[in-house]
Amino acid sequence: MPADRTPTELAELIRADTSIDLTAVQQHLAPVIDGTAVSAPDRVKTIRAPSIELDDVTVTISAWYTDPSYLGTLDRTAGTRLIQLAINARPNDPWINGGPPPPVELPHREQIAWARVVLGGLADYAYRILTDMGMLRDRPGFFIVLVDRNGMPRLAPSDFAWRLVSGARRAYPEKLVPEDPDLLRYLRQNGDLINVDRVAHPQASPPAVWAQEFVSHLTATIADELGRLGNSPWFTFEEIRLIGDNQVIVRYTWHLAEGDKKYGFDIDLPGVRANSLEAFDDPRAITAARSVGATPFNQPVFREPEVIDGVSWVKFGAAG
């Protein structure tokens, strides 16, 4: 076989070889590719075929798909699945002491060719994962591609856990060069990973809407807490005010036996929203508002609040 064959040319040779039957693997992946999969299977489908570049060598292709939600920042409205392929090769030698012969290195171009045949058009979005384990011994070629619930491929997020998915101490992705010229042009201009800052959370409202939701839930939380106190005159709330889309001011008086204490909350909405997402993976306004709204009723002790005209001001969010 000429050494200058490209993966695309080798893929055509595989497709043209009637002795190679990849039906079992393709049927195994069909539910996730055509959008009918409702869950990830707990099994791996494996097929074997002769190498097209190495004499007397058998190629083994294993395929499966899993839920990748714990591997990086993904749009959780998309129902993303992770398709994985492992491709290795062994000589057709007799087994020794009950074990197979040691693996041999399958040329990278042939690995990519097999991945292209199995994945079809999805291969344009696939990555080959390179690890430190391959430096010491021949290891299977490992490929992944992300697919949404409709079978549409997606690029990986920039925080994707390549090391975790590969099981290696060190791992990094190598993007397969796409055959689609438009995708190739996009990758050259934008890179082959999606910046996680551009991945929208499915429960995230636009800032202006979120601000209104926050004030509404904050007011409702305070009213609910006051209702629980009945006729006990512990608190008087003088002000709940939204300033633009980024700030809320709350002023109240805590009536204590030793005298009244006046407090003010200066709430930075973008900061509160970001903190809620980081701490609880929940950017909903109702979650953040309930947390802030319940604060006065939990007998809080604020560290070194700024006192202005007798009011102790407490900051919430990134501006604090």
Ignoring hydrogens and angles, state whether a donor on the side chain of [X] or [Y] is under 3.5 Å from an acceptor on the partner side chain.
{"X": "Asp260", "Y": "Thr253", "answer": "no"}
{"X": "Asp266", "Y": "Gln247", "answer": "yes"}
{"X": "Ser166", "Y": "Thr131", "answer": "no"}
{"X": "Ser312", "Y": "Glu306", "answer": "no"}

- request: Would you check, one step at a time, whether the test side chain to side chain contact (heavy atoms under 4.5 Å, CB included) holds for Phe316 with Asp268?
  value: CA-CA 6 Å; Phe316 290 79; Asp268 176 74; over 6 Å; no
Spatial distance of atom [atom1] ([X]) from atom [atom2] ([Y]) [nearest 0.5 Å]:
{"X": "Ser51", "Y": "Leu106", "atom1": "OG", "atom2": "CG", "answer": "5.5 Å"}
{"X": "Thr6", "Y": "Glu12", "atom1": "OG1", "atom2": "CD", "answer": "9.0 Å"}
{"X": "Asp180", "Y": "Asp182", "atom1": "CG", "atom2": "CG", "answer": "5.0 Å"}
{"X": "Leu10", "Y": "Gln111", "atom1": "CG", "atom2": "CD", "answer": "11.5 Å"}

task: Decide yes or no on side chain to side chain contact (heavy atoms under 4.5 Å, CB included) for Ser69 and Thr80, but give the supporting numbers first.
output: CA-CA 8 Å; Ser69 58; Thr80 306; over 6 Å; no
Are any non-hydrogen side-chain atoms of [X] and [Y] less than 4.5 angstrom apart?
{"X": "His255", "Y": "Thr236", "answer": "yes"}
{"X": "Phe237", "Y": "Pro296", "answer": "yes"}
{"X": "Val147", "Y": "Ile33", "answer": "no"}
{"X": "Pro107", "Y": "Leu54", "answer": "yes"}
{"X": "Val248", "Y": "Val215", "answer": "yes"}
{"X": "Phe214", "Y": "Leu242", "answer": "no"}
{"X": "Leu184", "Y": "Tyr186", "answer": "no"}
{"X": "Tyr263", "Y": "Arg251", "answer": "no"}

query: Would Arg116 and Asp124 count as a salt bridge (Lys or Arg N to Asp or Glu O under 4.0 Å) if you check the C-alpha gap in whole Å, the side-chain angles of each, and the deciding distance to 0.1 Å?
result: CA-CA 8 Å; Arg116 284 204 167 278; Asp124 274 2; 3.2 Å; yes
[X] and [Y]: same hydrophobic cluster, using ILVMFWY side-chain contacts below 4.5 Å?
{"X": "Val250", "Y": "Leu229", "value": "yes"}
{"X": "Leu130", "Y": "Leu155", "value": "no"}
{"X": "Ile222", "Y": "Phe302", "value": "yes"}
{"X": "Leu183", "Y": "Leu119", "value": "yes"}
{"X": "Leu146", "Y": "Leu164", "value": "yes"}

Check for a donor-acceptor pair, side chain of [X] on one end and backbone N or O of [Y] on the other, with a separation under 3.5 Å.
{"X": "Ser291", "Y": "Thr287", "value": "no"}
{"X": "Asp224", "Y": "Ala220", "value": "no"}
{"X": "Asn150", "Y": "Met152", "value": "no"}
{"X": "Glu110", "Y": "Ile52", "value": "yes"}
{"X": "Asn275", "Y": "Gly271", "value": "yes"}
{"X": "Lys45", "Y": "Ser62", "value": "no"}

[X] to [Y] - nearest heavy-atom pair and separation:
{"X": "Val314", "Y": "Pro305", "value": "CG2-CB, 4.2 Å"}
{"X": "Phe143", "Y": "Ile87", "value": "CE1-CD1, 3.9 Å"}
{"X": "Ala171", "Y": "Ile129", "value": "CB-CG2, 4.0 Å"}
{"X": "Pro157", "Y": "Thr73", "value": "CB-O, 3.3 Å"}
{"X": "Gly72", "Y": "Asp159", "value": "CA-OD1, 3.6 Å"}
{"X": "Ala294", "Y": "Glu225", "value": "CB-OE2, 4.1 Å"}

Take atom [atom1] in [X]; do more than 12 heavy atoms of anything else shown fall under 6.0 Å from it?
{"X": "Arg163", "atom1": "CZ", "value": "no"}
{"X": "Arg290", "atom1": "CZ", "value": "no"}
{"X": "Glu304", "atom1": "CD", "value": "no"}
{"X": "Glu9", "atom1": "CD", "value": "yes"}
{"X": "Asn298", "atom1": "CG", "value": "yes"}
{"X": "Arg48", "atom1": "CZ", "value": "no"}
{"X": "Tyr172", "atom1": "OH", "value": "no"}

field: Residue pairs passing the ring pair (Phe, Tyr, Trp, His ring centres under 6.0 Å) test where at least one lies in residues 106-128, sequence neighbours excluded
entry: Tyr127-Trp162
query: Yes or no on side chain to side chain contact (heavy atoms under 4.5 Å, CB included) for Thr8 and Glu179, after CA distance, side-chain angles and deciding distance?
result: CA-CA 9 Å; Thr8 299; Glu179 296 180 345; 2.8 Å; yes
- prompt: Taking the inter-plane angle between the rings of Phe235 and Tyr252 on a 0 to 90° scale, is it parallel (under 30°), tilted (30 to 60°) or perpendicular (over 60°)?
  reply: tilted
message: For Phe142 and Trp64, take the angle between the two ring planes, folded into 0 to 90°, and tell me which bin it lands in: parallel under 30, tilted 30 to 60, perpendicular over 60.
response: parallel
field: side chain to side chain contact (heavy atoms under 4.5 Å, CB included) involving Asp93 - partner list, sequence neighbours excluded
entry: Pro91, Pro101
- request: May I have the step-by-step check of side chain to side chain contact (heavy atoms under 4.5 Å, CB included) for Val59 and Ile61, ending in yes or no?
  value: CA-CA 7 Å; Val59 176; Ile61 304 168; 4.0 Å; yes
field: Test salt bridge (Lys or Arg N to Asp or Glu O under 4.0 Å) applied to Glu213 and Arg284, step by step
entry: CA-CA 9 Å; Glu213 292 175 342; Arg284 294 177 299 170; over 6 Å; no
statement: Students should find that the hydrophobic cluster of Ile308, defined by side-chain heavy atoms under 4.5 Å apart, otherwise consists of Ile243, Ile249, Val311, Trp313
- prompt: Among Asp55, Asp56, Thr58, whose side-chain hydrogen bond (donor to acceptor under 3.5 Å, both in side chains) with Asn92 holds?
  reply: Thr58
